[in-house]
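Note sheet for the following structure.
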There are 2 protein chains.
Amino acid sequence: MLGGERKRKFRDSGRTRERLLQAAFQEVYRYGFQSAAIDTILAATNVTKGALYYHFDSKEALGHAIVDEIVANLVRDRWLLPLQRSQDKDPIDALIGIVQAIPARPRDVRSGCPLVNLAQEMSQLDEQFRKRLERLFLAWQEGIATLLRKGQSEGTVRRDLVPEATASFLIAMVEGYEVLAKNAQDARVWEVGITNIVGWLRSLRASGKRKRG
Amino acid sequence: MLGGERKRKFRDSGRTRERLLQAAFQEVYRYGFQSAAIDTILAATNVTKGALYYHFDSKEALGHAIVDEIVANLVRDRWLLPLQRSQDKDPIDALIGIVQAIPARPRDVRSGCPLVNLAQEMSQLDEQFRKRLERLFLAWQEGIATLLRKGQSEGTVRRDLVPEATASFLIAMVEGYEVLAKNAQDARVWEVGITNIVGWLRSLRASGKRKRG
DNA sequence: CACCTAACATACCAACAAGTATGTATGTCA
DNA sequence: TGACATACATACTTGTTGGTATGTTAGGTG
């Protein structure tokens, strides 16, 4: 007995917090942090203001939690974990696969990348925000750079390129197209971008392959 | 007599409008459109609310004017005119020069690109904004594509690439790095980006040159 | 069962926002 | 010179915002 799940609809602190975070993320993702309205988040979750301010000290703290928990997880799920999981594959093929797996549904394209959205809006206005976002960017970059280094030592990636700089180049391309596609509100812009990025990725291959040949 | 300039300090409608636009641009550039405060613009210009709403129907109309007049001029001055002026030069060299001429002072890097800032914030929220911004993006892309086409017909640019797609690729790179550098609040990120972009631009050259040898 | 605190709920506030109603001064032209 | 539209100035309204002060209730503990 002692049903762990049943009747846990009320007074489940962790779940309330999680629901607030999710709704807040959606609101911020849509309207930006500054224009995100607390009342909208409350309406979406059927939670009251007292409850929200019990879980989060301020709107700013709520925003920081969104970055630390939700956006960080997105980066992890879409990049860091796939990068780790492809330790045994060809690095370039792995990167191509990851890039092509970025959500390309109209809804995603129209809303843009959460990380870029927040960085663009907040990095100049709130140093706390900026630092948190920079952590994610650096982890992202480092994940790619590590894979590139591995490819270089294995002879599948050109040795003349600097892993960190190349990684940031890839990130810049992805984000740049994300902005373009978002402005165009058109998934085809994104698809063209993917094609171009993939073409560029192929150009990173070492010309004379060592392994397996 | 009839001094055209003297005592034209007051009641100069055009000048008042222009000052409002400039101050509004600065405010929007800094805080974003939604968070830009009319009162701040008024304080910065010593203009009253009645005067502002005489020149602009609404905050939205003010924002549209910023895009149409100020941001459009930035695109024109930094890209379209330089692109036209370099009709006689090697297209790749011209593009490299233009990219390297993008303002890289810390202040510019930290604030980002006005066009990207606005696109990122508004394209999903206000179709009027989006359309105006898209006009600028398309003009930008077309300017680059035209130069690439010229290079292709002259034999200095690779014939296998699609001018429009390549142009948008370049734009995505520039904007992507602009976002990265803005988030890092570090001009060095931008400089690394320029180096990478220039390297990529060189890869667009036709391998065997036809003209001049 | 009593008690206590974590987890909420309600009602309110002060600040600020965009926008407007209305008044006033200025230049122009008959 | 006087009428009149242009170009402003002032004061106000209405709505929204993040935040808070003060309750109330659930649920575990002794």
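Because only heavy atoms are used, hydrogens play no part in the values below, and waters and symmetry mates are left out as well, while side chains stay in. These numbers come from a predicted model, not from an experiment. We name chains A, B, ... by the order of the sequence lines, and we start the count at 1 in each one.
Between B:Glu164 and B:Ser168, the side chains place no donor N or O within less than 3.5 Å of an acceptor N or O (distance only, hydrogens not considered). Side-chain contact of B:Glu142 with B:Thr146: a donor-acceptor pair under 3.5 Å is present, judged by distance alone.
What separates NZ of A:Lys49 from P of C:dC13 is a distance of 14 Å, to the nearest Å. Regarding B:Arg19, its CZ atom lies at a distance of 12 Å from the C1' atom of D:dC8, rounded to whole Å.
In this structure, B:Asp57 places its CG atom where only 12 or fewer heavy-atom neighbours from other residues, nucleotides or ligands lie under 6.0 Å away.
In the region residues 24-48 of chain A, proximity to DNA chain C at under 4.0 angstrom, judged on heavy atoms, holds for A:Thr48. Less than 4.0 Å separates DNA chain D from at least one heavy atom of each of the following residues of residues 52-62 of chain B: B:Tyr54, B:His55.
In this model, the phosphate group of C:dA7 is not approached by any side-chain N or O of A:Thr16 to a distance below 4.0 Å at OP1 or OP2. Taking 4.0 angstrom as the limit, A:Ser13 places a side-chain polar atom (N or O) nearer than this to OP1 or OP2 of C:dA7.
Below 30°, between 30° and 60°, or above 60°: for B:His64 and B:Phe129 the angle between ring planes is above 60°, a perpendicular geometry.
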Item to complete: Walk me through it: do B:Glu134 and A:Asn183 pass the test side-chain hydrogen bond (donor to acceptor under 3.5 Å, both in side chains)?
Response: CA-CA 7 Å; B:Glu134 187 162 47; A:Asn183 185 261; over 6 Å; no
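A ring-centre distance under 6.0 Å is not found for A:Phe169 and B:Trp200.
Both the sub-6.0 Å distance and the 45° axial angle are satisfied by A:Lys59 relative to the ring of A:Phe33.
Side-chain N or O atoms of A:Arg19 include one that pairs as donor or acceptor with a backbone N or O of A:Thr45 at under 3.5 Å.
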